[in-house]
Amino acid sequence: MKKVSIFLALFLGVALLFSGPAAADQFISIATGGTGGVYYPVGGGMAELINQHVEGVNATAEVTGASTENVRLLQAGEVELGLVQNDITFYAKTGTEMFEDEELGNLRGVAVLYPEIIQIVTLEGSGIDSVYDFADKTIAVGAPGSGTEANARQIIEAHGLTYDDMTVDYLSFAEAVDQLRDGHVDAAFLTAGIPTGALMDLAATHDPKILSIDEDVAAQIMEDFPFYTEAVIPGGTYDGLDEDVNTVTVLAMIVTSAALDSDTVYNMTAAIFDNLDYLYEIHERARDITVEAAQDGMPIELHRGAARYFDQ
Ligand code: GLU
């Protein structure tokens, strides 16, 4: 029995060595976010397109804590593509904010995708009318390693408060919505394309109330952190949300690593951008993704393979 299995192992080893391209499939992991966000379905769609159109590549979308974690996974070579907010990409490039003293020289841009709106959500009847009311409350500030969490911290500070003034919980969008329903958290931050899945779920059972950011506070945030721009969440975006909400937004990007070769990145970029109609069916926000706008506001050096695609 033992002899047979040794023989089998040897045989399989030799077979693997000589079995050619099929066994040599290159694995491409796409770091996304939580299941209640937009990165996950859009990243899943990108993986599908890469599998359909790039030979010898096997792509999958991974659930992660989102932007900040995705930057570190890319740098470490644990993933090949990642969805990342443009503000977080910029902090990575400059070694500022959460990336102080970190060496993140591998990051390379592929494309800018769509707006990700800062949505600060509570329930009707909570008595919370603005971030100023967060003192002594329990606030969901995003998953550990999310870009959302950085936005939450900056916006809370722009209101003259800090995490020390409240109880903060590091929760994914789906967890935050569950805990809003259960009354364990009083409000939650979500930085994501609209409509965001987790908030559509919430609106199906409860009346969400999305908080506006006052004009003077928004102006201060945009001055301190230039990647924020003004945004409106139109009334009707979610069931029960009747009025427009004034807030701020950043942009989603797709980022890769300098460790990847030019042909692979070119082929993956072409697979996605030659077939955008497929992504448009996956999420309304994906309709903002276009070849024409893909380099507007790119905050880091482009990968050579992506540059070749967009320059052609
Ligand atoms: N932009 C969010 C973050 O980095 C994730 C958004 C999403 O999952 O769609 O925290």
Side-chain angles (χ1 to χ4, degrees), residues 29-47 61-75 79 81-93 97-99 104 107 109-121 139-156 168-178 188-202 210 225 227-229 231 233 237-238 247-255 279 282-289 297 299-300:
S29 290
I30 307 178
T32 67
T35 55
V38 181
Y39 284 3
Y40 184 66
V42 168
M46 290 177 168
E62 283 184 24
V63 170
T64 71
S67 294
T68 304
E69 183 182 338
N70 295 352
V71 162
R72 296 195 173 114
L73 290 169
L74 280 164
Q75 175 65 30
V79 302
L81 291 172
L83 291 152
V84 182
Q85 293 174 199
N86 67 335
D87 52 337
I88 305 299
T89 309
F90 179 77
Y91 302 140
K93 175 189 161 186
E97 291 286 305
M98 69 291 282
F99 298 120
L104 298 164
L107 292 199
V110 175
V112 173
L113 303 175
Y114 60 82
E116 295 196 80
I117 298 194
I118 316 307
Q119 302 166 87
I120 314 171
V121 95
I139 310 298
V141 293
S146 64
T148 301
E149 193 276 320
N151 303 135
R153 192 162 17 88
Q154 292 164 350
I155 288 165
I156 286 170
V168 295
D169 271 346
Y170 297 87
L171 304 175
S172 71
F173 298 164
E175 291 165 338
V177 159
D178 279 348
F189 282 82
L190 294 87
T191 303
I194 60 167
T196 311
L199 286 187
M200 290 166 73
D201 287 351
L202 178 68
I210 304 189
F225 303 99
F227 282 95
Y228 290 109
T229 54
I233 304 167
T237 299
Y238 301 105
T247 178
V248 290
T249 185
V250 291
L251 294 169
M253 302 176 51
I254 178 98
V255 178
L279 290 187
I282 287 179
H283 193 279
E284 196 181 317
R285 218 49 309 111
R287 292 169 185 267
D288 296 340
I289 308 174
I300 52 166

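Ligands are counted one by one from 1 in listed order, and the atoms in each one are counted from 1 as well. Computed from a predicted model, the values in this text were never measured in an experiment.
Looking at heavy atoms from C-beta onward, Ile300 lies in side-chain contact with Val255 at the 4.5 angstrom threshold. In this structure, the side chains of Gln75 and Phe99 stay at 4.5 Å or more apart for every pair of heavy atoms. Proximity of Glu116 to Tyr39: side-chain heavy atoms (C-beta onward) are separated by under 4.5 Å at one or more points.
Ring orientation note: the planes of Phe90 and Phe227 are tilted relative to one another, at an angle of 30° to 60°.
At a cut-off of 3.5 Å, with distance as the only test, a side-chain donor of Gln119 or Thr196 sits close to an acceptor on the other residue.
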Original post:
Run the side-chain hydrogen bond (donor to acceptor under 3.5 Å, both in side chains) check on Gln154 and Asp87 step by step: do they pass?
Top reply: CA-CA 12 Å; Gln154 292 164 350; Asp87 52 337; 5.7 Å; no

Output block, N or O contacts of ligand 1, threshold 3.5 Å exclusive:
from	atom 1	to	atom 2	distance (Å)
ligand 1	1 (N)	Tyr39	OH	3.2
ligand 1	1 (N)	Gln85	OE1	2.8
ligand 1	1 (N)	Glu116	OE1	2.7
ligand 1	1 (N)	Thr191	O	3.1
ligand 1	4 (O)	Ser67	N	3.0
ligand 1	4 (O)	Ser67	OG	2.6
ligand 1	4 (O)	Gln85	OE1	3.2
ligand 1	4 (O)	Gly147	N	3.1
ligand 1	9 (O)	Val38	N	2.6
ligand 1	9 (O)	Tyr39	N	2.8
ligand 1	10 (O)	Gly147	N	3.0
ligand 1	10 (O)	Thr148	N	3.0
ligand 1	10 (O)	Thr148	OG1	2.8

